[in-house]
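All ligand and atom numbering here is 1-based and tracks the order in the structure.
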Amino acid sequence: MKSKPVMKIAGTGHYLPENILTNKDLEKIMDTTDEWITQRVGIKERRVVGDSGMSTSDMATFAARAAIENAGLKPEDIDAIILATVTPDMNFPSTAIFVQKNLGAVNAAAFDVSAACTGWIYAMTIAEGYIMSGKFKNILVIGAEFLTSLADINDRATYVLFGDGAGAVVVQPADNDHGMIGSYIKSNGELAELLWSYGGGTRANKKVPDQEKMFDENGFDKRSTIRMEGNKVYKYAVRAMIESAEKAMEDAGITEEDLTFLIPHQANLRIIDAIAERVKLHDDKVMRNIQYTGNTSSASIPVALDQAIKQGRIKKGDVVLAAAFGGGFTWGGLVLKI
Ligand code: UT7
């Protein structure tokens, strides 16, 4: 095992919107069934922004406040805010800027990271770099998504999958052998078209050769919503998350025998089961909250981490593996000694 981690988690927090959208609710508005969603994905309900008027930065602020308090700090102690999201408040400034404003974190530098569902893992490796260099001491690392804002109600294969929420941690320099002891991040830009939302950016107005891909049979402009070839993504996701687990463990100098808890990205219960089987961890040592949250992209792991700690499922001394996969494709993993 790596003898000295660079950074430790000093506090955690999360926020999920109050509105609950169940599979039964979805049955009333589209051609789907509770049975299909439960069997294929494992989701029973998801938390959604709905008509609450919240934005991504609002959810992130709630999660961040809880993490700062949990770390015993004040907003002005925060040196940097790194926020992973694919559903920012606006093009610019970053969503992290609004979190800074909401918190009153007047001494921080704030910016966003875009790496889809792997975003929070990417952000953690960036934070580790700052701490290693000695540049910052208290860093907020947030994953926050208003994913239902990108969901296409005409596409039952994606609409049922997503939820909204935010998770946050405060990280600090490690002072003993507890902290982030291994990590791995990777991407493959060849496969961007299998999972993306291609409107909104500077390419949206360009004439592209495949105009027919932009509109569905009803003339609905698909650019502003999530497009996913679920089956292809599924197969790649299983392989990439297993690779993430293996490489993060290798970086930490451990094997699955050393692991005591697993937090996979919550995209599909079947994918979670495949990772759990690979690292040989029993059900009680594997975090599964997708039943209640849906897929919250970059928020999924920090939300699950906070819940697992607060529920007492993760304890001091546990060796926790987190692994994620998402659009890009991007994938990656972390090993945390709690
Ligand atoms: O977080 C980022 C990474 N994302 C992922 O990792 C997601 C990976 N993909 C998946 O989890 C799965 O591919 C899905 C859950 C998205 C889909 O499951 P699947 O077993 O791959 O289903 P499918 O897309 O192959 O569709 C099977 C059938 C189709 O009907 P036919 O053509 O067999 O008659 C679909 O039209 O299920 C139908 N279907 C639905 N039926 C009821 C698709 N969506 C629904 C629905 N309700 N919501």
Check this for me: does any side-chain nitrogen of one of K137 and D77 sit under 4.0 Å from a carboxylate oxygen of the other? no

Just to confirm my output: which protein heavy-atom neighbour is closest to [atom], and how far is it?
{"atom": "atom 24 (O) of ligand 1", "answer": "N231 ND2, 4.2 Å"}
{"atom": "atom 47 (N) of ligand 1", "answer": "T32 OG1, 2.6 Å"}
{"atom": "atom 5 (C) of ligand 1", "answer": "V233 CG1, 3.7 Å"}
{"atom": "atom 35 (C) of ligand 1", "answer": "R156 NH2, 3.8 Å"}
{"atom": "atom 27 (C) of ligand 1", "answer": "R40 NH1, 3.4 Å"}

Would I139 and L336 show up in the same hydrophobic cluster when neighbours are defined by side-chain heavy atoms closer than 4.5 Å?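 Result: yes, single cluster for both.
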
L194-I226 co-clustered via ILVMFWY side chain contacts under 4.5 Å: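 Linked within one cluster.
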
Grab the two heavy atoms, one from A299 and one from G167, that are nearest each other, plus how far apart they are.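 Shortest heavy-atom separation between A299 and G167 comes out as CB-N, 4.2 Å.
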
Mark the output for M30 as yes if a heavy-atom distance to ligand 1 is under 4.0 Å, and as no if none is. no

Determine, considering heavy atoms only, which of V41, D31, V238, L26 sits nearest to atom 15 (C) of ligand 1. V41

In the complex you have, is [atom] within reach of the protein, judged by whether a heavy-atom distance drops under 4.0 Å?
{"atom": "atom 29 (C) of ligand 1", "value": "no"}
{"atom": "atom 32 (O) of ligand 1", "value": "no"}
{"atom": "atom 10 (C) of ligand 1", "value": "yes"}
{"atom": "atom 13 (O) of ligand 1", "value": "yes"}

State yes or no: are the ring centers of W331 and Y184 separated by less than 6.0 Å?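 Centroid distance W331-Y184: not below 6.0 Å, so no.
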
With side-chain contact (heavy atoms from CB on, under 4.5 Å) as the criterion, how do K186 and E243 come out once you've worked through the C-alpha distance, each side chain's angles and the decisive distance to 0.1 Å? CA-CA 10 Å; K186 189 78 196 300; E243 179 187 310; 4.3 Å; yes

Taking it one step at a time, do T296 and F162 satisfy side-chain contact (heavy atoms from CB on, under 4.5 Å)? CA-CA 6 Å; T296 58; F162 302 112; over 6 Å; no

Heavy-atom distances under 4.0 Å decide this one: backbone, side chain, both or neither, for [X] against ligand 1?
{"X": "C117", "value": "side chain"}
{"X": "N295", "value": "side chain"}
{"X": "W36", "value": "side chain"}
{"X": "I271", "value": "side chain"}

Short list, please: which atoms of ligand 1 are under 4.0 Å from a heavy atom of R270? 18 (O), 20 (O)

Can you list the ligand 1 atoms lying under 4.0 Å from a non-hydrogen atom of A267?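 Heavy-atom distances to A267 below 4.0 Å select 1 (O), 5 (C), 6 (O).
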
Given the rule in the side chain to side chain donor-acceptor pair (under 3.5 Å) test, do K44 and T38 qualify, once you have shown the distances and angles that lead to the verdict? CA-CA 6 Å; K44 295 300 281 183; T38 306; 3.3 Å; yes

Any nitrogen or oxygen of V160, main chain or side chain, under 3.5 Å from a nitrogen or oxygen of ligand 1? no

Polar-atom distance check: N268 versus ligand 1, any N or O pair below 3.5 Å?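 Right, the criterion is met.
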
Looking at CZ of F92 and CE of M90, how far apart are the two atoms once the value is rounded to the nearest 0.5 Å? 9.5 Å

Picking from D79, I9, N138, what satisfies side-chain contact (heavy atoms from CB on, under 4.5 Å) with Q172?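 In the set D79, I9, N138, the residue that makes a side-chain contact (heavy atoms from CB on, under 4.5 Å) with Q172 is N138.
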
